[in-house]
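Okay, so here's the structure we're looking at.
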Protein chains: 2
Amino acid sequence: MSTLFAGPFGANVSERAQLPPSLAISTVIFALKPSRDVGKPTLWLPLVRRVKEPFKGQWALPGGPLAATESLEDAARRNLRETTGLAPEYLEQLYAFGGLNRAHRPGQGSQRVVSIVYWALVRPTEAELLVEGEAEAENVAWHRADTAGDGEGGLAFDHREIIDYALWRLRSKLEYAQIAYHFLGETFTLAQLREVYEAVLGRPLDPANFRRQLKSVPQIEPTDQFLEGGKHRPPRLYRYTGPAQRSTT
Amino acid sequence: MSTLFAGPFGANVSERAQLPPSLAISTVIFALKPSRDVGKPTLWLPLVRRVKEPFKGQWALPGGPLAATESLEDAARRNLRETTGLAPEYLEQLYAFGGLNRAHRPGQGSQRVVSIVYWALVRPTEAELLVEGEAEAENVAWHRADTAGDGEGGLAFDHREIIDYALWRLRSKLEYAQIAYHFLGETFTLAQLREVYEAVLGRPLDPANFRRQLKSVPQIEPTDQFLEGGKHRPPRLYRYTGPAQRSTT
DNA sequence: TTAATAGTGTCTATCAGACAGTATAGT
DNA sequence: ACTATACTGTCTGATAGACACTATTAA
């Protein structure tokens, strides 16, 4: 606290002190997409290019200010729809970020911003909406979750750290909660579900043990359909019949 | 969304729509205190009495507005110190609450408030500061966490729901993280630690199994001291040597 | 027939819960 | 000696990881 007014930017700090902090909502939207580099699907997320300073031209999480007549979650859904055209079924609050120096480049004064960040999981069908979608599509693009911003001078604001935190939360939650289905379609094979786990956790899983564990979950019901078209024995399709969204955290 | 402007309070809603949402910080402070009703220690928390409308005279979580030059966590610590005199060593963000109708009694218009809520665990020695402490002590009092506000027309705002959510988070986190020590002093017996778990989880635990599990945690080191003064065989005192605060969530 | 994945069975180490049994203090 | 709690040992059922083995399709 005592170092707060020290340093070359003291004038900016005291200037900012006059303004009340403003509130913004951002969202980390995870989708599983096949990656050319790796043979297996990996985690991707849509980012929007900044058209204004600060960080003009750099990539940032979709988001915007909080309107006065909507709840936090409604604001997240609206911003998502407006900026990327997505309407994810799974949406949960991640964290409120309120550090002092996150709204501007170091040394440039601007208003203090507190961001309430949500995270979402979308299916491939939902993710396609983005590709065909909006007019401003050239300013929205998918990036790999683990490397977004790497060779481009980094992401805007503290969004790289926010994504890393969201990745950590996704991994933690996947291990004890039933959320992997939100990456997949209505029906899926156990191998597809295992690919989700492997992509998120970053390590291979034993197919036999994975099958045994998942079969003990009553919410995963086998259908009488099989996935045709593969080169080999067609796998059975399963369906998730549990609640669409689990309780918070 | 379509029902937002319906109903008898539409005028208030549109009035609020002109104002930007304001930001507040509140904190749920848990302490373990012996309870007269039950023989065992139970969870308590300090509440402050509202001196202004809305909810004047009712009990509320300690908190206040966010100053422009402090981080969210600093704001939580400052509000805590000012309202209750407490300086907890364990402090973590709980959730950001931003529903439309949480800042006022139903039917009374007022500005929209978004609250970022922190939760804290304090030791008995820290908790005593409150008793002797501040001048406005008559407006600060300890309440049982599970029943606070029950026979008094309820707590102010949505604070009863916030406390219930914090209780749920505390129970969840206790089961997989090393946080129970923050309720205890520098050294403690395994029976005391077990009492913390039993009070938080609300169920008895087998002393033998609890001992075996805790002994497999290297951060819990036995001292060569024993707790004298009991009526029976003196138990060994242990010390927690891990990091003071674990990573977020 | 072969390749490749789907799916089953089984062995083992680990661990949580239950609980019997021993140790040691105050009274 | 008695009692209450501290502390240890052991049995059992459940489960995760490793991995051998069988089944079924397309080419």
Side-chain angles (χ1 to χ4, degrees), chain A residues 34 38-41 171-178 180 184-185 187-240, chain B residues 34 38-41 171-178 180 184-185 187-240:
Chain A
V38 200
K40 309 194 165 189
R171 289 191 190 102
S172 306
K173 183 143 190 181
L174 194 70
E175 287 182 340
Y176 67 88
Q178 311 286 335
L184 299 169
T187 59
F188 48 85
T189 70
L190 293 188
Q192 289 170 338
L193 189 58
R194 180 166 48 83
E195 278 187 324
V196 173
Y197 276 81
E198 289 178 339
V200 172
L201 299 179
R203 60 187 162 92
L205 299 173
D206 184 297
N209 294 333
F210 185 82
R211 172 180 305 272
R212 172 162 43 83
Q213 284 174 257
L214 272 285
K215 281 201 150 181
S216 71
V217 177
Q219 282 86 28
I220 302 183
E221 285 184 358
T223 70
D224 48 5
Q225 295 177 319
F226 293 81
L227 181 63
E228 315 283 347
K231 300 190 195 122
H232 306 291
R233 174 176 175 180
R236 183 181 293 273
L237 287 168
Y238 291 77
R239 183 193 313 275
Y240 178 64
Chain B
V38 200
K40 309 195 166 188
R171 289 191 190 102
S172 306
K173 183 144 190 180
L174 195 70
E175 287 181 340
Y176 67 89
Q178 310 286 333
L184 299 168
T187 58
F188 47 85
T189 70
L190 292 188
Q192 289 170 337
L193 189 58
R194 180 166 48 84
E195 278 187 325
V196 173
Y197 275 82
E198 289 178 339
V200 172
L201 299 179
R203 60 186 163 91
L205 299 173
D206 184 297
N209 295 332
F210 185 82
R211 172 180 305 272
R212 174 162 41 84
Q213 285 174 256
L214 272 285
K215 281 202 151 180
S216 72
V217 177
Q219 283 86 29
I220 302 182
E221 286 183 0
T223 70
D224 47 5
Q225 295 178 319
F226 293 81
L227 181 64
E228 315 282 348
K231 301 189 195 124
H232 306 291
R233 174 177 175 180
R236 182 181 293 274
L237 287 169
Y238 290 78
R239 182 194 313 275
Y240 179 64

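Below, read A as the first sequence line, B as the second, and so on, with proteins coming before strands; counting in each chain starts at 1.
- In this structure, B:R211 atom CZ and D:dA6 atom P are separated by 7 Å, rounded to whole Å.
- Following rounding to the nearest Å, B:L190 (CG) and C:dA23 (C1') show an atom-to-atom distance of 16 Å.
- Of the candidates D:dC7, C:dA6, C:dG7, C:dG7 carries the atom nearest the A:R236 side chain, counting heavy atoms from C-beta on.
- Counting heavy atoms from C-beta outward, B:K215 and B:Y238 have side chains that approach closer than 4.5 Å.
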Problem - Protein proximity profile, nucleotides 19-27 of chain D - base contact B, sugar-phosphate-only contact S, no contact -, cut-off 4.0 Å on heavy atoms - result: B---BBBS-

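- For B:D224 against B:R236, the heavy-atom pair with the smallest separation is CA-NH1, 3.9 Å.
- The CG-P distance, from A:L205 to D:dG17, rounds to 8 Å in whole Å.
- Residues B:E175 and B:L201 are in side-chain contact: their nearest non-hydrogen atoms beyond the backbone lie under 4.5 Å apart.
- In this structure, the OH atom of A:Y197 is 12 Å from the P atom of D:dA16, given to the nearest Å.
- In this structure, the separation between CG on B:L190 and OH on B:Y197 is 11.0 Å, given to the nearest 0.5 Å.
- Taking 4.0 angstrom as the limit, B:K215 places a side-chain polar atom (N or O) nearer than this to OP1 or OP2 of D:dT8.
- Remark: A:N209 pairs with A:R212 by the side chain to side chain donor-acceptor pair (under 3.5 Å) rule, at least two apart or across chains.
- Distance check: A:L237 CG to A:Q192 CD gives 7.0 Å after rounding to the nearest 0.5 Å.
- The line from CG of A:L214 to CD1 of A:I220 is 4.0 Å long, rounded to the nearest 0.5 Å.
- Rounded to whole Å, atom P of C:dG7 lies 7 Å from atom CZ of A:F226.
- Rounded to an integer number of Å, the gap from CD of B:E195 to C1' of D:dT5 is 12 Å.
- The distance from atom CG of B:L214 to atom P of C:dA16 is 11 Å, rounded to the nearest whole Å.
- Distance CD1 (B:I220) to P (D:dC7): 13 Å, rounded to an integer number of Å.
- The base of D:dG9 is not paired with the side chain of B:R212 by any donor and acceptor separated by under 3.5 Å.
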